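Owing to the predicted nature of the structure, the values given are computational and were not obtained by experimental measurement.
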Amino acid sequence: MDAPSQGLPEHMTDVPVDTPAGGDGVGVLSEVETEELKSELIKVEDEIATLRQVLAAKEKHAAEIKRKLGLTPFNELKQNFTKGWQDVQASNAYKKTQATLSTAGSKTSSAISSVGSVLSRTLGEIKESPTFKSFEESVGNLKAKVIGNENNAKDGYQSPTATTPTAEEKLPQDSAPF
């Protein structure tokens, strides 16, 4: 402490302890000095116990005030995290990282956009190619044949898929849930 008895109750004072010339605190002490030191030690230990009691009472009082104000340990922790996050966001390292990631994101977005336009243009070219047109024509012919079979069935020609089963031919449906 800077000043003697600062912050201590009136009956408690800061008392310097002198050490013998040897400097190790152990030396030849008279019986009177030994008794005085033992008495002083008891007083200091009592003061320490009193200070612990005062500190415990102050901590309890502070906790009660916080409870009345609605300041729970969780709220305090949340406020500490919030302040910590704000401090991180204010740091130069965070700002530099954010700027770098923003730039990288923009470049990635631009690259993906370019790939998309190239794919679109390439698919357009494929659609106009003679090979694709030939494939498209073949699929169209196949479709016409399938539709033609359905039309032929009306004229008496039956395809295996064109018949509708009768009620007796229908298989019973299993109504079990699994």
Side-chain angles (χ1 to χ4, degrees), residues 1-3 6-9 14 47-178:
M1 292 189 193
D2 295 332
Q6 179 182 357
L8 296 175
D14 232 357
E47 289 174 2
I48 290 172
T50 303
L51 288 172
R52 284 188 178 140
Q53 290 173 352
V54 169
L55 178 61
K58 295 270 185 194
E59 287 175 338
K60 184 178 179 182
H61 183 65
E64 182 65 23
I65 291 171
K66 286 179 181 180
R67 186 190 62 77
K68 287 180 181 178
L69 291 173
L71 300 175
T72 63
F74 177 72
N75 285 341
E76 288 184 42
L77 182 65
K78 190 169 79 172
Q79 287 174 350
N80 289 343
F81 276 132
T82 301
K83 182 171 180 350
W85 179 243
Q86 289 171 348
D87 291 345
V88 166
Q89 287 179 322
S91 71
N92 288 333
Y94 179 84
K95 289 177 182 178
K96 287 179 184 178
T97 303
Q98 184 181 28
T100 302
L101 291 176
S102 177
T103 302
S106 296
K107 289 181 180 180
T108 302
S109 175
S110 172
I112 290 172
S113 176
S114 296
V115 167
S117 64
V118 167
L119 273 173
S120 176
R121 186 173 52 244
T122 304
L123 289 174
E125 290 170 0
I126 289 173
K127 190 174 179 183
E128 298 301 320
S129 73
T131 305
F132 185 81
K133 289 199 182 265
S134 172
F135 175 73
E136 187 177 36
E137 186 177 309
S138 297
V139 170
N141 289 339
L142 181 62
K143 179 181 174 188
K145 286 181 183 179
V146 170
I147 291 175
N149 282 344
E150 289 179 6
N151 289 337
N152 291 338
K154 291 178 186 174
D155 296 334
Y157 299 107
Q158 297 266 334
S159 74
T161 59
T163 61
T164 305
T166 63
E168 295 86 29
E169 294 175 331
K170 289 184 180 179
L171 297 174
Q173 295 291 325
D174 186 11
S175 61
F178 298 110

With T97 via side-chain hydrogen bond (donor to acceptor under 3.5 Å, both in side chains) - residues at least two apart: none
Name the atoms and distances for all side-chain donor-acceptor pairs under 3.5 Å in residues 99-112, with sequence neighbours left out.
residue : atom : partner : partner atom : Å
T100    : OG1  : K96     : O            : 2.9
T103    : OG1  : A99     : O            : 2.9
S106    : OG   : S102    : O            : 3.1
T108    : OG1  : A104    : O            : 2.8

CG-CD1 distance between L55 and I48, expressed to the nearest 0.5 angstrom: 13.0 Å
Non-neighbouring partners of F135 that pass ring pair (Phe, Tyr, Trp, His ring centres under 6.0 Å), sequence neighbours left out: none
Stepwise side chain to side chain contact (heavy atoms under 4.5 Å, CB included) check, E128 with K133: CA-CA 7 Å; E128 298 301 320; K133 289 199 182 265; 3.8 Å; yes
Candidate pair Q98 and Q89, rule side chain to side chain contact (heavy atoms under 4.5 Å, CB included), full reasoning: CA-CA 9 Å; Q98 184 181 28; Q89 287 179 322; over 6 Å; no
Value rounded to 0.5 Å, distance of CG in N75 from OG1 in T82: 10.0 Å
Nearest-0.5 Å distance that lies between atom CG in L123 and atom CZ in F132: 9.5 Å
Salt-bridge contact E136-K127 (side-chain N to carboxylate O under 4.0 Å): no
NZ/NE/NH1/NH2 to OD/OE distance under 4.0 Å, E64 and R67: yes
Interatomic spacing from CZ in F81 to CD in Q86 - rounded to 0.5 Å: 14.0 Å
